[in-house]
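Values below: every heavy atom of this structure, side chains too, minus hydrogens, waters and symmetry copies. Chain naming here is simple, since letters A, B, ... match the order of the sequence lines and numbering starts at 1 in each.
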2 protein chains.
Amino acid sequence: MINGALLVLAIVIIYTATGFYRALQASIGFSIVGYIGTDILIPKLIPLFIKKNFIGKDLSKPSNPIIPETMGAVPAVVYLFIMFFFIPFLFYKYLVIGTAGGGNRDAGITLLEEDINVEMFPHDKLASYLSAILTLESTILLGIADDLFDIKWRHKFFLPAIAAIPLLIVYYVDFGITHVLVPTKFLQNYFGTTLIELGSLYYVYMGSVAIFAPNSINILAGVNGLETGQSIVIGILLLINDACYFISAQHNSPAIESHLFSSVLVLPFLGVAFALLKYNWYPSRVFVGDVFCYFSGIIFAVVGILGHFSKTLLIFLIPQIFNFVYSVPQLFGIIPCPRHRLPRYNKENDLMYPSLAKIEKPLNKSIENVLKFLAKLKLLYIIEKEGKIVELNNLTLINLTLVWFGPMREDKLCTTILIVQFLIGLFALILRHTLGLWLFGYDNLWVPN
Amino acid sequence: MINGALLVLAIVIIYTATGFYRALQASIGFSIVGYIGTDILIPKLIPLFIKKNFIGKDLSKPSNPIIPETMGAVPAVVYLFIMFFFIPFLFYKYLVIGTAGGGNRDAGITLLEEDINVEMFPHDKLASYLSAILTLESTILLGIADDLFDIKWRHKFFLPAIAAIPLLIVYYVDFGITHVLVPTKFLQNYFGTTLIELGSLYYVYMGSVAIFAPNSINILAGVNGLETGQSIVIGILLLINDACYFISAQHNSPAIESHLFSSVLVLPFLGVAFALLKYNWYPSRVFVGDVFCYFSGIIFAVVGILGHFSKTLLIFLIPQIFNFVYSVPQLFGIIPCPRHRLPRYNKENDLMYPSLAKIEKPLNKSIENVLKFLAKLKLLYIIEKEGKIVELNNLTLINLTLVWFGPMREDKLCTTILIVQFLIGLFALILRHTLGLWLFGYDNLWVPN
């Protein structure tokens with residue numbers, strides 16, 4: 001019933017789309033379609049996924065219920081096919097006035113005019129769009145393979161880079177911008193230039209963004225709703241950033257187009273992600289799988305790279321970057337790393353507590369001192385015995401949140417992390433458009449006339 | 001060892017590629033890479049597939065061994081990622097002399113020249129290529145979903161059409177040719193034109209090709225090696241057809257480009273398919289799954305549609321079309337259809353016999369007469385009792401082959417079907433380039449000067 005009403009609304013939005021922001025309006029319509037499609041499919045597919053043994057146990061509940069896994073593949077595939085149907089709306093004005101063919105439309109246009117218009121069709125834009133979708137789809141395919149076959153950590157870490165190849169090639173062909181701005185007048189004078197040419201290093205950088213965004217979302221996980229929730233927060237931050245450009249930048253600025261592209265990809269993502277959140281939120285009825293984390297991460301990488309704001313994207317990933325850096329001592333074995341680093345669930349009071357790692361062999365003196373210093377900064381919870389660290393919280397942002405704010409129920413824990421993430425992102429966004437102007441002597445939001 | 005030597009050969013072929021047929025030569029190199037990659041991955045993945053319960057029983061062997069299923073996903077994914085790396089080779093001349101960026105190459109080129117060259121880059125070709133790969137990848141994704149969840153026949157039949165959307169959109173933008181030639185002078189005079197404009201009907205036609213090619217390969221199946229073998233035969237026929245154009249047509253003919261595109265897609269396909277055949281040939285160590293049939297079928301549909309020779313493609317699918325039409329009475333329930341229509345395996349002598357369908361309710365008189373007539377034409381094997389048909393062979397090309405040539409071992413059965421398929425295809429190809437000239441007064445192979 002609600003779905004039916006929403007569908008009518010979506011159709012109205014899509015078909016009344018006109019003017020400069022036609023694509024944006026249509027994408028709002030498609031995001032509603034994505035929400036409905038995902039919302040219908042997930043409950044239908046839950047029994048199939050369970051039957052095929054795509055299941056996991058929820059360890060943070062009293063009864064350790066069996067939950068279908070990898071269900072994030074559903075919104076991902078829905079998104080993908082929505083983006084196919086979206087192509088005509090993105091290129092509407094060229095398709096209708098522009099191209100030959102179709103026969104029965106615009107019969108009055110002569111062949112000559114048609115030929116000219118075919119050349120006007122923005123094939124470079126279409127190629128960018130197709131390469132973006134291709135990269136997304138490849139990431140989904142590899143994510144499903146990962147969930148099916150439990151690919152080793154050191155292998156799967158690089159999978160998104162393979163998927164990003166079509167994207168990097170199209171970037172190479174169409175933009176080839178491989179320089180970065182030098183920050184501050186002082187450094188600009190020092191280097192004698194405002195731009196540093198990175199050449200092929202820039203492709204390594206973009207490949208790294210494509211690797212980092214999916215993986216960093218994938219390791220900030222383990223609490224009901226957190227994978228989906230953090231992706232939604234990043235999506236909303238990207239939309240706010242886009243909106244800054246729509247409101248402030250000049251109509252003919254190239255930044256407008258980049259951010260239109262970003263919004264057009266992010267809006268339908270939010271549609272499918274909100275439908276997933278409905279089932280993934282505490283108490284979860286579905287788990288999302290690595291496939292969803294890769295999928296959402298690569299969307300952000302794609303819009304950042306093709307929209308030329310991958311550095312802005314990284315400031316929206318500050319909590320994920322922090323979580324990764326914070327995890328490094330355990331990931332690289334400097335500090336003992338138990339098999340699971342999830343927070344500890346206490347059946348008695350239904351609350352989550354930070355999980356602790358036991359230090360069995362005495363630590364190196366200098367590492368011990370660093371850890372004690374971090375504990376003073378409230379970045380670590382340690383238990384000492386005779387002046388030696390014997391236990392410390394597992395190094396994840398989730399555990400640290402519990403150290404800071406005290407034990408809480410799983411849904412409150414998730415909400416807390418999401419609010420902190422959103423506030424950090426908003427603050428970084430404001431800094432980026434104020435400090436950015438000061439650092440670079442230039443911000444593409446406030447283009448001089 | 002052999003793989004190592006092949007790899008060296010592949011690298012030499014790829015890197016010595018020059019001249020007009022650079023793309024063709026590189027694609028031979030990549031088809032070797034595809035062979036090696038698939039040949040290495042399949043044996044490694046067999047235990048993983050079995051562990052994850054992707055298995056089927058081989059009913060045509062004495063011990064009914066357990067065989068890993070869906071292994072066709074491996075060559076499909078290898079193919080896909082090869083085609084990513086192929087992009088720079090396809091667009092080599094534009095990328096090296098052409099585009100901005102990269103910085104360290106061709107530093108002497110001024111910015112102005114670069115800008116002009118960026119405009120020269122054939123974005124329309126890149127968009128075609130990306131849409132082709134996107135359609136392939138979507139088909140693979142849907143094929144895997146089908147193998148995982150056993151999607152219902154009436155649903156999965158239409159899946160390739162969804163995957164074909166990006167392809168049809170690019171066709172719409174770039175070619176928009178929706179007319180067909182009217183055959184024979186007589187009909188041309190009758191219609192008063194040599195061309196009939198089909199308009200949007202032509203898109204329905206292309207969508208049908210995209211649906212038909214994968215499904216028709218998928219239903220000519222059930223004998224070790226047949227799915228892979230028939231796909232290889234069609235691939236070879238397409239290459240022979242392409243070669244006709246390379247040899248005969250003029251260098252600047254647009255047909256050359258279409259057939260270059262076709263060869264460039266088909267050659268790496270043959271590489272991965274031959275590696276699969278090694279494991280799928282009698283006695284099969286792997287089953288290929290629906291995913292492989294969809295994958296190979298959609299490659300043929302893609303090259304046929306984007307190369308503007310979908311009608312020529314259909315003559316290479318004559319055995320599949322025959323098998324489909326022949327199956328219709330059972331598929332639509334006019335004649336009883338048992339659950340399996342595979343030929344019957346006889347343990348005693350290790351031979352395959354045509355399997356029979358029992359007629360339990362008496363047939364309609366006119367159907368009975370048609371069947372008896374078909375039996376007279378040797379298109380059917382029937383057993384009569386008191387003038388009534390009580391049994392007839394299941395209506396598949398495989399059973400009919402056994403009716404014609406007598407019982408034989410499974411590998412000989414597969415070889416026989418493949419040889420017949422190849423001969424029919426070759427004959428059709430010759431007819432197409434001789435009769436075609438006579439029917440249409442024009443064959444694009446022999447363009448008048």
Side-chain angles (χ1 to χ4, degrees), chain A residues 45 48-49 51-54 73 77 80-81 84-85 87-88 91 94-95 98-105 114 118 121-127 129-131 133-134 137-138 140-142 144-145 148-149 162-163 165-166 169-179 197-200 202-203, chain B residues 45 48-49 51-54 73 77 80-81 84-85 87-88 91 94-95 98-105 114 118 121-127 129-131 133-134 137-138 140-142 144-145 148-149 162-163 165-166 169-179 197-200 202-203:
Chain A
L45 290 172
L48 272 176
F49 274 63
K51 194 179 146 200
K52 284 282 159 182
N53 219 29
F54 297 125
V77 173
L80 206 62
F81 289 117
F84 286 178
F85 287 100
I87 303 175
F91 296 99
Y94 304 98
L95 290 173
T99 68
N104 42 8
R105 292 159 304 115
E114 282 176 358
V118 168
F121 186 87
H123 279 102
D124 52 338
K125 302 258 156 47
L126 181 60
Y129 186 83
L130 291 174
S131 76
I133 305 295
L134 197 52
E137 181 159 11
S138 304
I140 295 171
L141 197 63
L142 293 172
I144 290 174
L148 277 179
F149 298 116
I162 300 175
I165 292 169
I169 287 171
V170 169
Y171 186 92
Y172 180 85
V173 170
D174 276 344
F175 310 109
I177 302 166
T178 54
H179 53 249
E197 177 57 48
L198 292 177
S200 48
Y202 197 75
Y203 291 88
Chain B
L45 291 173
L48 272 177
F49 274 63
K51 194 178 146 201
K52 283 283 160 181
N53 219 29
F54 297 125
V77 172
L80 205 63
F81 290 118
F84 285 178
F85 287 100
I87 303 175
F91 296 98
Y94 303 97
L95 290 174
T99 67
N104 43 7
R105 295 158 303 114
E114 283 176 357
V118 169
F121 186 86
H123 280 103
D124 52 338
K125 302 256 154 49
L126 181 60
Y129 185 83
L130 292 174
S131 76
I133 305 295
L134 196 53
E137 183 159 11
S138 305
I140 294 170
L141 197 64
L142 293 172
I144 291 173
L148 277 179
F149 299 115
I162 300 175
I165 291 168
I169 286 171
V170 170
Y171 186 92
Y172 179 84
V173 170
D174 277 342
F175 310 109
I177 302 167
T178 54
H179 54 249
E197 178 57 47
L198 292 177
S200 49
Y202 197 76
Y203 290 88

Given side chains that start at C-beta, do those of [X] and [Y] come closer than 4.5 Å, heavy atoms only?
X: Leu141(B); Y: Ile144(A); result: yes
X: Ile87(B); Y: Tyr172(A); result: no
X: Leu134(B); Y: Phe84(A); result: yes

Task: Residue pair Lys52(A) / Leu148(B): nearest heavy atoms and the distance that separates them - done: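 What the structure gives for the nearest pair is CE-O, 2.8 Å.
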
Open item on the list: Could you report the tightest heavy-atom contact between Pro88(A) and Ile169(B), atom names first, then the distance?
Closed with: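 Scanning both residues completely, I find the closest heavy atoms to be CD-CD1, 3.8 Å.
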
TODO: Quick one: pull up CD1 in Ile140(A) and OG in Ser138(B) and give me the separation to the nearest 0.5 Å.
DONE: 9.5 Å

Open item on the list: Holding to ring pair (Phe, Tyr, Trp, His ring centres under 6.0 Å), I want the full list of residues that pass it with Tyr202(B), two or more places apart in sequence or in another chain.
Closed with: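 In terms of ring pair (Phe, Tyr, Trp, His ring centres under 6.0 Å), with neighbours along the sequence ignored, Tyr202(B) is linked to Tyr205(B).
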
Task: ring pair (Phe, Tyr, Trp, His ring centres under 6.0 Å) partners for Phe85(A), two or more places apart - done: none

Task: Under 4.5 Å from any heavy atom of chain B - which part of Phe54(A) - done: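 Just its side chain gets close to chain B.
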
- [ ] Side chain from CB out, backbone as N, CA, C, O: work out which of these in Ile165(B) comes under 4.5 Å of a heavy atom of chain A, or both, or neither.
- [x]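 Interface part for Ile165(B): side chain.
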
Open item on the list: Under a 4.5 Å cutoff for heavy-atom pairs, which residue among Leu142(B), Leu130(B), Ile162(B) has the most contacts with chain A?
Closed with: Leu130(B)

